[in-house]
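Values below: every heavy atom of this structure, side chains too, minus hydrogens, waters and symmetry copies. First listed ligand is number 1; within each ligand, the first listed atom is number 1.
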Amino acid sequence: MGGGVDHLESERNKAEFDVDAMKIVWAGSSHVLQVSERIARLVASDPAFRKDNRPNLGRKELFKNTLRKATYAWKRIIELGLNEEEASLLRTFVDEPAFTDLHWAMFVPAIKGQGTEEQQQKWLPLAHKMQIIGCYAQTELGHGSNVQGLETTATFDPKTDEFVIHSPTLTSSKWWPGGLGKVSTHAIVYARLIIDGQDYGVNGFIVQLRSLDDHLPLPGITVGDIGMKFGNGAYNTMDNGVLRFDNVRIPRDQMLMRVSQVTREGKFVQSNVPRQLVYGTMVFVRQTIVAGASDALSRAVCIATRYSAVRRQFGSRNGGPETQVIDYKTQQARLFPLLASAYAFRYVGEWLNWLYTDVTQRLQAGDFSTLPEAHACTAGLKSVTTSVTADGIEECRKLCGGHGYLCSSGLPELFAAYVPTCTYEGDNIVLQLQVARHLVKTISQLGSRKKPVGTTAYLGRLEQLLQYRSDVQKAEDWLKPNVVLGAFEARAARKIVAVAQNLSKFSNPEEGFQELSADLVEAAVAHCQLIIVSKFIEKLQEDIPGKGVKQQLESLSSIYALSLLHKHLGDFLSTGSITPQQGDLANEQLRSLYSQIRPNAIALVDAFNHTDHYLGSVLGSYDGNVYPKLYEEARKDPLNDSVVPDGYQEYIRPLLKQQLRNARL
Ligand SMILES: Cc1cc2nc3c(=O)[nH]c(=O)nc-3n(C[C@H](O)[C@H](O)[C@H](O)COP(=O)(O)OP(=O)(O)OC[C@H]3O[C@@H](n4cnc5c(N)ncnc54)[C@H](O)[C@@H]3O)c2cc1C
């Protein structure tokens with residue numbers, strides 16, 4: 001990676017573990033490592049995928065550039081005969097939100113998950129060749145989270161055997177769907193199904209939006225872009241759109257009919273395929289979001305860690321070099337928990353991948369018993385990991401001081417493009433409320449024969465957890481996995497029980513739920529943090545090859561858990577899960593772990609194996625040659641095209657020469 005002097009060489013030499021072996025553990029397997037390395041290099045070495053100019057482009061240029069890249073990427077995928085895994089990695093490394101994301105990640109899976117065999121046969125080949133481009137149009141101007149509040153209607157017309165899609169109000173306009181504004185030819189549109197005046201709730205329909213010949217909207221369709229979004233550069237590469245229907249007719253067979261159907265006679269029938277199947281797709285999508293969280297956080301942490309090792313402030317002795325900012329304990333206490341979180345999210349993402357396979361196999365065998373738990377757990381993990389990552393990227397920007405605020409640090413664009421993840425695919429608070437509902441229900445059913453399963457299994461030991469007393473006596477006791485698990489289980493269980501008890505005081509449970517919703521969310525977060533802590537610990541039970549690799553992961557796992565414990569100390573103390581003295585010992589252990597991880601920090605971020613192109617940051621480049629690169633980037637800014645700026649004659653000169661009266665302003 002990179003020629004020339006390696007300014008981080010001495011840091012790399014400090015590593016106490018085998019970085020190449022860690023790269024494999026991070027990637028998941030040597031196969032994945034090898035494929036992603038090959039594809040990442042392919043993208044990084046192709047000037048067509050340049051992205052450093054994005055923040056300076058106007059919206060139109062930016063968007064057109066994205067169209068070019070997306071089409072060129074598709075051309076390369078075909079030319080090189082890339083398989084699905086490679087093609088998807090290529091899109092990841094191009095690192096530019098585009099209509100293709102929605103086409104592949106939402107439109108195609110929706111048809112696969114909700115379409116009948118015939119519908120799949122008709123639409124998927126077209127979508128797979130990109131002869132049609134699709135988006136996912138659910139959210140409306142007036143409703144996002146509350147899907148049952150959607151207003152678009154699909155009224156069955158038995159005379160013509162068609163549905164009439166209509167937007168009856170301003171608030172029923174579709175608003176937000178990515179790829180809708182300017183590109184998609186088709187959309188999965190969610191609308192209320194109306195037959196003979198009766199409302200059968202929200203269903204999905206495949207609707208053609210634009211002509212396949214000249215791209216003009218079809219009659220009755222009004223469509224456009226919803227405007228600039230947060231930040232400049234990435235995410236403004238996406239055409240999030242607005243869409244209105246004026247009595248648009250589609251054939252009956254364009255309703256997605258795997259779960260419910262409308263017959264030729266206009267009868268609404270539930271098929272024998274269970275409704276819960278749709279949850280299977282959600283588990284899949286949210287699992288990819290959790291994996292994406294570890295990826296985004298690892299990029300920010302890689303930038304902040306490398307820069308913190310290069311940056312020096314204060315502390316020079318006898319004319320020697322100043323202190324590297326990474327050696328300040330405050331910097332470590334902010335940075336290392338995020339480094340540990342990136343690893344923790346990686347393994348919980350890996351486990352979710354397994355969970356998705358498990359759920360799919362069970363569904364195929366007609367076993368729905370684990371689905372509610374799997375659904376709640378993926379919702380909760382999506383919420384926690386994306387919230388921490390969004391806040392974590394911003395923390396990394398601050399960890400880089402002033403230079404972190406420059407676009408060339410890569411952090412502003414990463415942040416702006418990442419934060420909506422907290423909102424889409426389920427608002428993070430709304431998701432935690434769903435988790436809380438599931439937890440309260442699980443507690444209420446404990447007396448019955450229904451045993452809690454999966455990640456809620458610990459609640460089956462409730463009696464024991466309510467009696468739990470931590471036996472930590474010295475700081476090192478906090479390194480024992482059982483000690484950590486005990487404290488996290490007791491805290492989560494007691495928080496859930498406490499809020500459930502408070503709920504039972506309300507005569508109207510829904511009223512209670514509203515009143516206590518903030519406490520419910522806290523309990524759900526405690527439960528999700530326990531899941532992540534326990535999955536990291538489980539990962540360490542595996543045989544992990546490579547010199548020193550397992551030891552590093554053990555330290556990271558402890559840092560992840562103990563930094564959470566320190567941050568939420570109030571919770572652990574108020575639930576009596578630990579004593580104040582034990583809390584102090586956890587903090588003491590944490591400080592010592594920071595010292596242990598310090599010499600390995602650079603190697604631990606090298607193990608992410610990010611190319612300089614993918615990082616897109618002068619502060620985070622592999623060779624650590626920060627200062628000349630900052631200059632180089634500054635020089636490229638269009639404002640530096642001329643020494644005297646455009647506008648001098650009209651505005652600066654009249655000001656300096658006291659000639660404002662004659663100036664044409
Ligand atoms: C970049 C981006 C891309 C998107 N892409 C798509 C797309 O491709 N297709 C698509 O259909 N949609 C898309 N969306 C829309 C997205 O799915 C919705 O914005 C999301 O579901 C949240 O809904 P909302 O906007 O109605 O938020 P609201 O639900 O109005 O949220 C506003 C506030 O109310 C709170 N709140 C809401 N309900 C409750 C409750 N019951 N209890 C407590 N608090 C509550 C929320 O926590 C939040 O703080 C996209 C959005 C963004 C930002």
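No side-chain N or O of Thr456 forms a donor-acceptor pair with one of Glu373 less than 3.5 Å apart. Side chain to side chain, Ser172 and Glu140 fail the donor-acceptor criterion of an N or O pair below 3.5 Å.
Residues satisfying the salt bridge (charged side-chain N to carboxylate O under 4.0 Å, His left out) criterion with Lys182, sequence neighbours excluded, are absent altogether.
At a heavy-atom distance under 4.0 Å, no atom of Tyr190 approaches ligand 1. Both the backbone and the side chain of Thr423 come within contact range of ligand 1, each with a heavy atom under 4.0 Å. The proximity of Val430 to ligand 1, defined as any non-hydrogen pair under 4.0 Å, is limited to the side chain. When heavy-atom distances to ligand 1 are checked against a 4.0 Å cut-off, Leu180 has no atom that comes that close, whether in backbone or side chain. With a heavy-atom cut-off of 4.0 Å, Leu102 touches ligand 1 through its side chain alone. For Asn240, every heavy-atom contact with ligand 1 shorter than 4.0 Å involves the side chain, none the backbone.
The shortest distance between side-chain heavy atoms of His610 and Asp295 falls below 4.5 Å. Between Thr423 and Asn428, every side-chain heavy-atom pair lies at or beyond the 4.5 Å cut-off.
Note: an N/O pair closer than 3.5 Å links Tyr136 and ligand 1 by distance alone. Looking at Gly178 next to ligand 1, an N or O pair under 3.5 Å apart turns up. Considering backbone and side-chain N/O atoms, His143 never comes within less than 3.5 Å of an N/O atom of ligand 1. Inclusion of Gln138 in the set of residues having an N or O under 3.5 Å from an N or O of ligand 1 is warranted.
Remark: aromatic rings of Phe49 and Tyr72 are close, center separation under 6.0 Å. Aromatic ring centres of Tyr190 and Phe205 lie farther apart than the 6.0 Å criterion allows. Separation of the Tyr136 and Phe107 ring centroids does not fall under the 6.0 Å cut-off.
For atom 35 (C) of ligand 1, no protein heavy-atom neighbour is present inside the 4.0 Å cut-off. Counting only heavy atoms, the protein gets under 4.0 Å from atom 29 (O) of ligand 1. Protein heavy atoms are absent from the space less than 4.0 angstrom from atom 32 (C) of ligand 1. Per-atom contact check: atom 25 (O) of ligand 1 does not touch the protein, criterion being a heavy-atom distance below 4.0 Å.
Nearest to atom 27 (O) of ligand 1 by heavy atom, out of Ser145, Gly144, Pro97, Gly142, is Ser145.
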Step by step, would you call Tyr235 with Phe230 a ring-ring contact (aromatic ring centres under 6.0 Å, His included)?
-> CA-CA 8 Å; Tyr235 233 98; Phe230 186 61; over 10 Å; no
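For the pair Arg299 and Phe608, the cation-pi criterion (under 6.0 Å, within 45° of the ring axis) is not fulfilled.
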